[in-house]
Novice: 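Okay, here's the structure, questions in a sec.
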Amino acid sequence: LMIIKLASTLINFASSINVNISLIINGNIVETMLSYTEISELEDFIYDTIIKMRESNVKTQVNKTEKIIEEVYNYIEKNYSDPSISLESITDELNISVSYLSMLLKKMKGVTFNKELIKYRMEKAKELLTYTSDKIINISKQVGYNEVYYFSHSFKKYTSISPKEFRKQLNV
């Protein structure tokens, strides 16, 4: 009876942390626990099983976090030209809270959403300035800026030179 209660407790714990116990324990948990003849062996088995479950849970959480971060970057890549893109729009899309996403980006990448968005937009602007002859006003719209003056200000802040100077340096 004690073995059944211990097995049930392990199963319930695994379930509570979203771990598939059959991936941790090969075979029937009760039979495995009954196979031990010494209480110390059973204690070691229970301890090892709990450690393995916890490690599996941590890996799952890291994978979920990495997936969310990847989705953020995919969202930026697909929507950077939209002037209304915001932290709120992406959290609505991913169905997570603003504070949770902000915390994840800061913890995992050491940046804010706005800084990543600006970085992506500025790198795209550099590409467009380098490989197209589009007017700066058109490039500013292509990278999500409604106002060319604000785009130029942001570009200069990012690169230390204006878009016009950037393009001029390319032709020298």
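Every heavy atom of this structure was used, including side-chain atoms; hydrogens, water molecules and symmetry mates were not.
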Novice: Examine the side chains of S84 and D82 and answer whether a donor and an acceptor come within less than 3.5 Å of each other.
Specialist: yes
Novice: Please list, chain by chain and in numerical order, all residues satisfying salt bridge (charged side-chain N to carboxylate O under 4.0 Å, His left out) with K124, sequence neighbours excluded.
Specialist: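 K124: salt bridge (charged side-chain N to carboxylate O under 4.0 Å, His left out) contacts with E127.
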Novice: Is E71 paired with K67 through a side-chain N to carboxylate O contact shorter than 4.0 Å?
Specialist: yes
Novice: First locate atom CD of Q142, then atom NZ of K135, and finally report the distance between them rounded to the nearest 0.5 Å.
Specialist: 13.0 Å
Novice: Can you measure from OG (S16) to CD1 (I11) and round to the nearest 0.5 angstrom?
Specialist: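 Taking OG in S16 and CD1 in I11, the distance rounds to 12.5 Å.
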Novice: Closest approach of A14 and I21, non-hydrogen atoms and distance?
Specialist: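 Residues A14 and I21, closest heavy atoms: CB-CB, 3.9 Å.
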Novice: Under 4.5 Å between any side-chain heavy atoms of P83 and Y145, yes or no?
Specialist: no
Novice: When rounded to the nearest 0.5 angstrom, what distance separates CG in L87 from OG1 in T91?
Specialist: 5.5 Å
Novice: Would you say the side-chain atoms of S140 pair up with the backbone N or O of I137, donor to acceptor, closer than 3.5 Å?
Specialist: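 Looks like yes, one N/O pair under 3.5 Å.
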Novice: Taking side-chain hydrogen bond (donor to acceptor under 3.5 Å, both in side chains) as the definition, give me every residue that meets it alongside S99, ordered by chain and number, with sequence neighbours left out.
Specialist: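 S99 satisfies side-chain hydrogen bond (donor to acceptor under 3.5 Å, both in side chains) with S97 once adjacent residues are dropped.
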Novice: Would you say the side chain of P163 lies within less than 4.5 Å of the side chain of S152, judging by non-hydrogen atoms?
Specialist: yes
Novice: For Y150, does the OH atom sit with more than 12 other heavy atoms under 6.0 Å from it, leaving out its own atoms?
Specialist: no
Novice: Does I25 belong to the same Ile/Leu/Val/Met/Phe/Trp/Tyr cluster as L23, with side-chain heavy atoms less than 4.5 Å apart forming each link?
Specialist: no
Novice: Could you give me the CA-CA distance, side-chain angles and deciding distance for V98 and F113, then say whether side-chain contact (heavy atoms from CB on, under 4.5 Å) is met?
Specialist: CA-CA 10 Å; V98 169; F113 173 77; over 6 Å; no
Novice: Got L10 and I46 here, is their nearest side-chain heavy-atom distance under 4.5 Å?
Specialist: yes
Novice: Is it true that V111 and I90 fall in one hydrophobic cluster, defined by side-chain heavy atoms closer than 4.5 Å?
Specialist: yes
Novice: When hydrophobic residues are tied together by side-chain contacts of less than 4.5 Å, even through go-betweens, does Y131 share a cluster with M122?
Specialist: no
Novice: Using a 4.5 Å cut-off between side-chain heavy atoms of Ile, Leu, Val, Met, Phe, Trp and Tyr, which other residues end up in the same hydrophobic cluster as Y47?
Specialist: I51
Novice: With a 4.5 Å limit on heavy-atom distance, are the side chains of Y100 and I68 in contact?
Specialist: yes
Novice: Between S15 (side chain only) and N12 (backbone N and O only), is there a donor and an acceptor less than 3.5 Å apart?
Specialist: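 Checking the backbone N and O of N12 against the side chain of S15, no donor-acceptor pair under 3.5 Å is found.
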Novice: Do I118 and K115 pass the side-chain contact (heavy atoms from CB on, under 4.5 Å) test, and can you show the C-alpha distance, the side-chain angles, and the key distance before you say yes or no?
Specialist: CA-CA 5 Å; I118 290 167; K115 285 194 178 191; 5.8 Å; no
Novice: Atom CE of M103 and atom OG1 of T65: how far apart are they, to the nearest 0.5 Å?
Specialist: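 That separation rounds to 7.5 Å.
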Novice: Show, in sequence, the C-alpha distance, side-chain angles and deciding distance for S22 and N20, and conclude whether the side-chain hydrogen bond (donor to acceptor under 3.5 Å, both in side chains) test is met.
Specialist: CA-CA 5 Å; S22 63; N20 183 348; 2.6 Å; yes
Novice: Of the non-hydrogen atoms in Y80 and I85, which two are nearest, and what is the gap between them?
Specialist: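 What the structure gives for the nearest pair is N-CD1, 4.5 Å.
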Novice: What pairs of donor and acceptor atoms, side-chain ones from residues 36-43 against any protein atom, are under 3.5 angstrom apart with sequence neighbours left out?
Specialist:
from: E41; atom 1: OE1; to: T37; atom 2: N; distance (Å): 3.1
from: E41; atom 1: OE1; to: E38; atom 2: N; distance (Å): 3.2

Novice: Any idea which heavy atoms bring L101 and V72 closest together, and the distance?
Specialist: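 It is CD1-CG2, 3.5 Å.
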Novice: Where do T60 and N18 land on the side-chain contact (heavy atoms from CB on, under 4.5 Å) test, with the steps shown first?
Specialist: CA-CA 9 Å; T60 301; N18 297 317; 6.0 Å; no
Novice: Give the intermediate values and the outcome of side-chain contact (heavy atoms from CB on, under 4.5 Å) for residues I139 and T132.
Specialist: CA-CA 9 Å; I139 291 174; T132 72; 4.1 Å; yes
Novice: With no hydrogens and no angle check, is any side-chain donor or acceptor of Q169 less than 3.5 Å from a backbone partner on F166?
Specialist: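 Absent.
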Novice: For the atom pair CD (E116) and CZ (R121), what is the distance rounded to the nearest 0.5 Å?
Specialist: 13.0 Å
Novice: Tell me the closest heavy-atom pair linking L128 and R167, and the distance in Å.
Specialist: O-NH2, 3.6 Å
Novice: Grab the two heavy atoms, one from N57 and one from I17, that are nearest each other, plus how far apart they are.
Specialist: ND2-O, 2.6 Å
Novice: Under the rule for salt bridge (charged side-chain N to carboxylate O under 4.0 Å, His left out), what residues qualify as partners of E123, not counting sequence neighbours?
Specialist: K126
Novice: Who are the salt bridge (charged side-chain N to carboxylate O under 4.0 Å, His left out) partners of K164, not counting sequence neighbours?
Specialist: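 For K164, no residue satisfies salt bridge (charged side-chain N to carboxylate O under 4.0 Å, His left out) once neighbours in sequence are set aside.
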Novice: Would you say N79's side chain and Y75's backbone share a donor-acceptor pair under 3.5 angstrom?
Specialist: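 It does hold such a pair.
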Novice: Within this structure, what is the CD1-CG distance for the pair I136 and L129, rounded to the nearest 0.5 Å?
Specialist: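 Reported value, rounded in 0.5 Å steps: 6.0 Å.
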Novice: Specify the closest pair of heavy atoms between T32 and N26, including all atoms of both residues, with the distance to one decimal.
Specialist: OG1-O, 3.9 Å
Novice: With no hydrogens and no angle check, is any side-chain donor or acceptor of S8 less than 3.5 Å from a backbone partner on I4?
Specialist: no
